[in-house]
Amino acid sequence: MSGPVVLTGRGLVGGIAEGEALVTREAVSGWGGVEPRRGRIIESRHELVGQSFAGKVLVFPGAKGSSGWSGMFHMSRLMGSAPAAMVFTTMNTKIALGVVVTHVPAVTDLDRDPFAVIRTGDWLRVDADRGQVIVTPRSR
Amino acid sequence: MSGPVVLTGRGLVGGIAEGEALVTREAVSGWGGVEPRRGRIIESRHELVGQSFAGKVLVFPGAKGSSGWSGMFHMSRLMGSAPAAMVFTTMNTKIALGVVVTHVPAVTDLDRDPFAVIRTGDWLRVDADRGQVIVTPRSR
Amino acid sequence: MRLTDGERAMLDGADGEAVAAAMDLLVRYGEVLGAERLVDTDNVCGANLFGSRHSLVCGSPTPDAAFSEHSLDAPRVLTIPPVRAQSYQLIGPMDTKHWQVQGLPQAEHDEIVASEKYSADHGIHLMNTCTPYQVGNVPVRGEHCAWMESSAVVYVNSVLGARTNVEGRESTGAAMLTGKIPYWGLHLEENRHGTHLVEVTTPVQSNRDWGLLGYWIGEQVQEEGIPVLDGITTTPDLVRLKHFGAAAASSGGVELYHVPGITAEARSVEEAFAGAAPRVRLRYGPDERRAAYERLNGTATDTSVDLVMIGCPHATLGQIRDVVRLLEGRRVHPDSELWVFTPRALRHIAEQNGYAQALEDAGAVLMSDTCPAIGQFLPKGTRVIATDSAKQVHYLPAIMNVQGWFGTLAECVDAAVTGTWQGVQP
Amino acid sequence: MRLTDGERAMLDGADGEAVAAAMDLLVRYGEVLGAERLVDTDNVCGANLFGSRHSLVCGSPTPDAAFSEHSLDAPRVLTIPPVRAQSYQLIGPMDTKHWQVQGLPQAEHDEIVASEKYSADHGIHLMNTCTPYQVGNVPVRGEHCAWMESSAVVYVNSVLGARTNVEGRESTGAAMLTGKIPYWGLHLEENRHGTHLVEVTTPVQSNRDWGLLGYWIGEQVQEEGIPVLDGITTTPDLVRLKHFGAAAASSGGVELYHVPGITAEARSVEEAFAGAAPRVRLRYGPDERRAAYERLNGTATDTSVDLVMIGCPHATLGQIRDVVRLLEGRRVHPDSELWVFTPRALRHIAEQNGYAQALEDAGAVLMSDTCPAIGQFLPKGTRVIATDSAKQVHYLPAIMNVQGWFGTLAECVDAAVTGTWQGVQP
Ligand code: F3S
Ligand code: F3S
């Protein structure tokens, strides 16, 4: 079993949160792609379809789809199903506004490819003040 | 007294008409510039303001003003106040459509400057089939 | 003029007599122009609403007779089929809602309503505005159109890069039935290059600035020029360009202009002139602006204002909201009127937004479909008008024999509220 | 992010708490983006109509509370002042006229009507459409805007040369109150150059052609590309480009494209790439078109059609007239529905033109303000839809769990009349 790995990047929104990683290499759609009651991905062609990000650390490329992206994650926060934190690689206005209104720590521009390092189930500590993601791999 | 002068150019619409020349070096406005009942120029700043072209050969640069130009001369024809013919120097869509719907012989692209040759009151024979304007100067 | 087989067939009656008459008109027109051929168009804006002015001339004709005569210049009465091209009605003589404000008699109203129904039944979209581009007819660069209304022509040619000449009622009537118009003038790339370079050496930012600039340029360029503006430092919006073009198209006959980096066809001054030297070089600075302002205000001496007219060309919702906000907590003076003109489609939204009611509560009226210059109507006894439109102040005094003041929207609303013009030279 | 003195003052509360909260949102947002500053905007299109879906979450809040939370992401309920910028409501959840066709209960209707009134009272223009450019909001090249609605963003960026990113509800809510938006992404010239060259080797002429092309390109380009089309030989119009952009913005995240000679910012392929080499070269020919057609029809097996949807994005008057003419002498099948969607301002004209009545007489409905995808509604028991919109056929099956057919307008109207889809691969 290997020890924690630290990825460093740009912290967004601020704060610290911990949780299980939910990893996907596919960008996530907001409107039409997730449902905010349980924070589940509902896009039929998505590899995570049916899974919930509630309380997890969502590790993904970022946002795709319509301009309702931020509104969907905003609603998810209000309904208590938001992710604990977000780690993403591709900046655009949808993900930027989305992390802002979801009020969760987020990190981007990491010094290593997160998809090469993080697996679903790994424990993540996301420190948006220091711009760090500390990865404790799950025992395999 | 000098004899008739012949100007040659491009005949439009077709036909032959004769009448007294009414000459102006100022383009004429249609809508807001003439009134069709008596065929009078009503544009306050125009040098021919108050004068009627009804039955005359209008010798002028051409049409200016709004897109209602042809409609105004069309109406003038219906009300019996149209000019007998038109001789003009500057082509545009307003004058082109205007001569077409006024149904009067017209000539343009003359081989001489009509304003140098024709004076108000001269007798003109406008032959739009041959593209000719025959000018019989009025005795002075 | 060359005709395609399809066009020849139309001329020969393959699609009926009215289409044949329409082609005949286009052929006669095209030959006068010296056009080598026709071009297809699916975007025609014309004016086919007839009231007593037209029917009295023809002895109360049927609508088919009115269209045959006035819109096709046909030699006899023809049965007019539904129009082929996508066709739109421009501004007309009557506000279908506030026609009584215009002082129109019932019989006139009824005649125009019938004329509208005829147009509607023939598939002519009743935009009833001089600003079709504000209500869904937004041509694309290079799109061949056949439009009347000089302020609309100059807008779509310049800002959008569409291609239309200033057409007339008969040519647009014919284009509606055939989907054709002579390939001449501004349909050809080579006729769209700049001729007059205007070096702008004073800031041009407000609607008033753009109206003054347009008016001055129109006077300089008259009927034979395509002005190119150099020195514009702020990005205008639709309202500013709408006022600019309308002014230039009314003081002169400007049908196309270029503002490099803003309008559709020129990225630079050089490109606007297609590499050629300008035929004419002009400079517009503070003196020219002052002179334009004075000329626009040249008919007015009496500061007691009877009518304030906003919305020439027709106003956007944003302009309506501006008037509503300027009027907040105020009322139109008992001796004045405030008329705001907008397309009927936008009045529909303005009503739902409460803007129409707010205007009414303040003593103003939100009108559509027409304007004082086109419809030739003013409040009874009007001697002095005020407006923020260079075009309207250019036309109304001449047409209706009144005095006209020109200034900013705020100055106009103040005049409506106080009854007195207090506009100042910028 | 640098703030001007004026922006700092707004943030510090000089214009009240709501404006301060709006600035706070913009600052947080701008800092996440890494924007160096804000830019002024007077053209904001957002979505602020709230029904039970939003109010239930917040426990039936007041309209101020709903706006504070959903449109500003403010930490507490604030009194919202009239909006500063010219602001427009985009598409929403409910057709204010035909809400019962949607199956909405009265209470829901009343809630949304109240939400509309709140927006109206705050000076947000109720266009209620995904096509603001079709109802008067026609930005000028270089005009900085803040719009939601990806199909509208891609239209004004590409065709008109306006500058907007794909904004969200909270950023547009904040922009409405402040007249500011982060200066990032497509506001900067350097971010607007092409990345993907698409060589088009098959004719692209009809609406269907443009929809297929857009859909295929979106799939190729996904979220990170600005496609440049080479090989387009005919001039498209607003409807074609509207369908193209909506398709590309829904299958991928295309926010800007260039069609040299047509769209606003590129005269040539070289100019579209600003002299650089394309990052990616793609070719679109008959095989690609066929594949796109098959994918768009990929969810459908059952030819018995329950609903035909026309007007995604919202239809023009010309499109409505086309439907009316295709329906002449025919009726919608008893087992089918035909819904045509258009902005409410244009429905107003369509009603006066008799188009709405003609549709109704044939068994169809002319709807506004919403659409089946956004409002998530279909006729009871719908299993199979058909449409001429690539975007709608992309979304509806996924959102509403139905089968979707895609084809031409004529094929769609035939399906509505016969009840059976008989569209064929072009
Ligand atoms: S037609 Fe329109 S452009 Fe002005 S003169 Fe009348 S409002
Ligand atoms: S919002 Fe408009 S773009 Fe289509 S999915 Fe609905 S009609």
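Note that the structure is a prediction, hence the values are computed from the model and not measured. In what follows, chains carry the letters A, B, and so on, assigned in the order in which the sequence lines appear, proteins first and then strands, with residues in each chain numbered from 1.
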**Q** Is D:Arg37 atom CZ crowded by more than 12 heavy atoms from other residues, nucleotides or ligands, each under 6.0 Å away?
**A**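 More than 12 heavy atoms, drawn from other residues, nucleotides or ligands, come within 6.0 Å of this atom.
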**Q** Please name the pair of heavy atoms, one in A:His74 and one in D:His70, separated by the smallest distance, quoted to 0.1 Å.
**A**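 That would be CE1-CA, 3.8 Å.
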**Q** Against chain A, label D:Ala47 side chain, backbone, both or neither, depending on which of its atoms sit under 4.5 Å from a heavy atom there.
**A**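 No part of it gets close to chain A.
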**Q** Do you know which of D:Thr172, D:Leu33, D:Leu90, D:Leu25 has the most heavy-atom pairs with chain A at a distance under 4.5 angstrom?
**A**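 Among the listed options, the one with the most contacts to chain A is D:Leu33.
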**Q** Please enumerate all residues that pass salt bridge (Lys or Arg N to Asp or Glu O under 4.0 Å) together with A:Asp127, with sequence neighbours excluded.
**A** none
**Q** Should the heavy atoms of other residues, nucleotides or ligands under 6.0 Å from CZ of A:Arg112 be counted, would the total exceed 12?
**A** no
**Q** With rounding to the nearest 0.5 Å, note down the distance linking NZ in D:Lys391 to OG in A:Ser66.
**A**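 It is 7.5 Å, given to the nearest 0.5 Å.
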**Q** On a heavy-atom basis, which atom in A:Val100 and which in D:Asp73 lie closest, and how many Å separate them?
**A**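 Taking A:Val100 first and D:Asp73 second, the nearest heavy atoms are O-OD2, 3.7 Å.
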**Q** Evaluate whether atom CG of D:Asn401 has more than 12 neighbouring non-hydrogen atoms of other residues, nucleotides or ligands under 6.0 angstrom away.
**A** no
**Q** Applying a heavy-atom distance below 4.5 Å, give me the residues of residues 87-99 of chain A that approach chain D, sorted by number.
**A** A:Thr90, A:Met91, A:Asn92, A:Thr93, A:Lys94, A:Ala96, A:Leu97, A:Val99
**Q** Using non-hydrogen atoms and a limit below 4.5 Å, what part of residues 34-63 of chain A faces chain D?
**A** A:Arg45, A:Ala63
**Q** Need one label for D:Glu31: side chain, backbone, both or neither, based on atoms under 4.5 Å from any heavy atom in chain A.
**A** backbone
**Q** Is there any ring-ring contact (aromatic ring centres under 6.0 Å, His included) pair reaching into residues 15-44 of chain A, and which pairs are they, with sequence neighbours excluded?
**A**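 Output for this query lists A:Trp31-D:Tyr395.
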**Q** Please flag which part of D:Leu72 lies under 4.5 Å from any non-hydrogen atom of chain A: side chain, backbone, both or neither.
**A** neither
**Q** Using the side chain to side chain donor-acceptor pair (under 3.5 Å) rule, pick out the option among D:Arg169, D:Glu167, D:Glu170 that qualifies with A:Ser70.
**A** D:Glu170
**Q** For a 4.5 angstrom cut-off between non-hydrogen side-chain atoms, does D:Glu69 reach A:Leu78?
**A** yes
**Q** Name the region of D:Trp147, side chain, backbone, both or neither, that has any atom closer than 4.5 Å to a heavy atom of chain A.
**A**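 Neither part, no heavy atoms under 4.5 Å.
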